[in-house]
Amino acid sequence: MFAQQVAAAQPLLIGLLLLWTSYGKLTRPEEAQKTALPKLVGEKRATPAYRTVGAIEAVLALALLSPPVWTAEVLAAIALGVGFTGYLVYAKIAVPEASCGCAGTAAKPVGARSIARALLLTATAAAALTASQGWWSAGPATLILIAEAAAFVVLSPELDRYWLLPLRRLRIRLSHPLAGTASNAVPLAATHRLLLLSPAHRAVTGFLRSDIRDYWDEADWRFVSYTARYDGRPATAVFAVPHDAATPEAVRVAVVDESSGQTLYRPALLSLAG
Amino acid sequence: MDVMYGLVGEASWFCCGNAWGPCASTGTGACATCHSGNMQHAWTNTSDACYAITRPDQCGVTGVSRRTCGFRHATTNLCNGARIVTSIADCGPRTRSFCGERACCGGTCASNRVMDLTPAAFTRIASLSAGLIPAGIDVG
Amino acid sequence: MTSMDRRALLTRAALGATGLIAASAMGSLAPEAAFAASAQVPDPGAPDPNFAEGLITGRNQDLLQVQGSDGRLHKIQLTGVTSVWKLRPTTIDQARIGDGLYARGVKLPDGVLAAESVWINIVNLDVMINSIGRTGLNLDHHGQKVVGHVQEGITAAVYNGTPAISDLSMLKVGRHVQVIGAWRPGTNEIDLATIYAAN
């Protein structure tokens, strides 16, 4: 008797699930282009095919949710589940980067979870085969659907942002795994950015021939050198950036001759300011 | 710099053309012509579908014109005055993910990410390791 | 001159402790003019002959063989004045077979690119933070998983355009960030250099 009721309850879950999956396909049919459909049925036919699948899902969902109880509806749901599974396996092999296009409007690639979900849908539909009554007379067996729905949620990458991400966020709020990374050391990225925004860099930018060649710290300064050319001669441009510099104006620069080591150029205004 | 630009914002770089590493699966972009070694760029408004992804208007950047594949833009690095002309080969960047980011150079400030250049183009005006520069953009 | 002596010399020059030999009047040479002088700009949409991209397939002393993703083959000459980036500025011996690279330089008449700057394995990705661990970040790059490793002393974060800091504790799960990093060849893993977060 209870088994009968469990079977009878299944169409409610399948119906709701299919309503959700059809919604995305009917409201955003252009998403079809991101799926494996263009490869399977051709680019032109992808969007109509996607919309048609959505319409079939919606019609079947409404049929499952409303009386009368027909075994044909359940058979159609099984066929749909088998079809989805086959299509997803094909998509994963043929166009691995393609969007699943399964449910909702989020574009997620086909993964093991999507395939497992299609299998679960097939199994759920198969479980409904023996039903002789509608879900509205399933009684307490309807509660089983909560566990099944939870399984569908866990297998839906589209829904991760509603439960998995908040869970991870909570864990990180309680104790951030990277809390120990703070230090007084000035990252090169900070020096680099200050240097790039500085008048000193602007004054010599036309002479620079390379990206950063070398960098080192001495006392309260970080030094950064670049390969340069000055007046046709090989040279090195060397910047001095104070560790505690608040503004790019504090950056200094000199251009040094590669062979003689003599200073060829130092922007006049900048050296006075220093 | 007393030049007026059609659009001022941050510029970055991206790889395309089924190259090495994480770029292996990116393909040749929305225009099917994109290669990291070519003088090209991505534009936030190449089609309705593209604009739906980038949404610069969500950061308050309005009036980004609809431009299609091959259209030319000039990008000037506001920090050093270096300028390059490139053509559209892809859709991007996702402006809406980085609203409010700001960088200033020589008295001009640039907010929001509006331009993505190929490595070949970006390295003509800036360093790849810097990643992000304030830029002025015009029709090229 | 050893590299230590050289750094000492450059340190003094940068701080203004050395005399100038050339007239400061040279300062009137505007950077824009210098750029214009080095022009010979490639057509928009076309490949730049002074740029190379690809995987290193061979190395003979300081001459690299590179297979471009667009099918072009490049020969790239590294020299003592070539800048090399591999997670940080480093030396030319760090360019290995199997590494990916971008190089800018001057194309010589014999077809060899004399490299001025080389960036090895550098990636610039727009990703979402899926989860945060003690050693790094799990990232989602347009549906593909990428593991980002934190490197002590190198990895830095830029929060909303403020100066980069080593403190990564303000990163949040579910947020989009842009990361500059160095790809580990043959894997979906990167070492993190700079993380740009807009909060």
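Small disclaimer: the values here were computed from a predicted structure and weren't measured. Below, each value reflects all heavy atoms present in this structure, side chains not excepted, and no hydrogens, waters or symmetry copies. The sequence lines fix the lettering, A, B, ..., with proteins before strands; numbering per chain opens at 1.
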Mind ranking [options] by heavy-atom pairs under 4.5 Å with chain C and telling me who comes out on top?
options: B:G17, B:P22, B:S111; answer: B:P22
options: B:C34, B:P93, B:P119, B:A121; answer: B:P119
options: B:R72, B:H73, B:H35, B:Q40; answer: B:R72
options: B:N18, B:T28, B:V85, B:N38; answer: B:N38

- Message: Using a 4.5 Å heavy-atom cutoff, which residues in residues 64-83 of chain C come close to chain B?
- Response: C:S69, C:D70, C:R72

- Item | Contacts with chain B made by residues 100-112 of chain C (heavy-atom distance under 4.5 Å), listed by residue number | C:G100, C:L101, C:Y102, C:R104

Looking at every heavy atom in both [X] and [Y], which two are closest together, and how far apart are they?
X: C:G45; Y: B:S87; answer: CA-OG, 3.2 Å
X: B:S127; Y: C:W119; answer: OG-NE1, 4.0 Å
X: B:W13; Y: C:V123; answer: CH2-C, 3.9 Å
X: C:H176; Y: B:F98; answer: O-CE2, 4.1 Å
X: C:I180; Y: B:L128; answer: CD1-O, 3.8 Å
X: B:G131; Y: C:Q178; answer: O-NE2, 4.1 Å

- Message: With heavy-atom distances below 4.5 Å as the criterion, would you say the side chains of B:T118 and C:E53 are in contact?
- Response: no

- Query: Do C:D43 and B:M39 touch side chain to side chain, with heavy atoms closer than 4.5 Å?
  - Reply: no

- Most heavy-atom pairs under 4.5 angstrom with chain B, which of C:T194, C:V146, C:T187, C:V177? C:V177

- Task: Could you walk me through whether C:N124 and B:C15 pass side-chain contact (heavy atoms from CB on, under 4.5 Å), step by step?
- Result: CA-CA 8 Å; C:N124 184 2; B:C15 64; over 6 Å; no

Of the backbone (N, CA, C, O) and the side chain (C-beta and beyond), which part of [X] lies under 4.5 Å from a heavy atom of chain C, both, or neither?
X: B:T86; answer: backbone
X: B:A19; answer: both
X: B:A130; answer: backbone

Heavy-atom cut-off 4.5 Å, strictly under: side chain, backbone, both or neither for [X] against chain B?
X: C:N188; result: neither
X: C:I122; result: both
X: C:L55; result: both
X: C:V158; result: neither
X: C:A193; result: neither

- Message: Quick test of your reading: applying salt bridge (charged side-chain N to carboxylate O under 4.0 Å, His left out), list the pairs with at least one residue in residues 7-31 of chain B, sequence neighbours left out, ordered by first then second residue.
- Response: none

- Could you give all pairs that pass the salt bridge (charged side-chain N to carboxylate O under 4.0 Å, His left out) test and reach residues 76-98 of chain C, with sequence neighbours left out? C:K86-C:D99

- Message: Just verifying a value: how many Å separate B:R113 CZ and C:D126 CG, rounded to the nearest 0.5 Å?
- Response: 7.0 Å

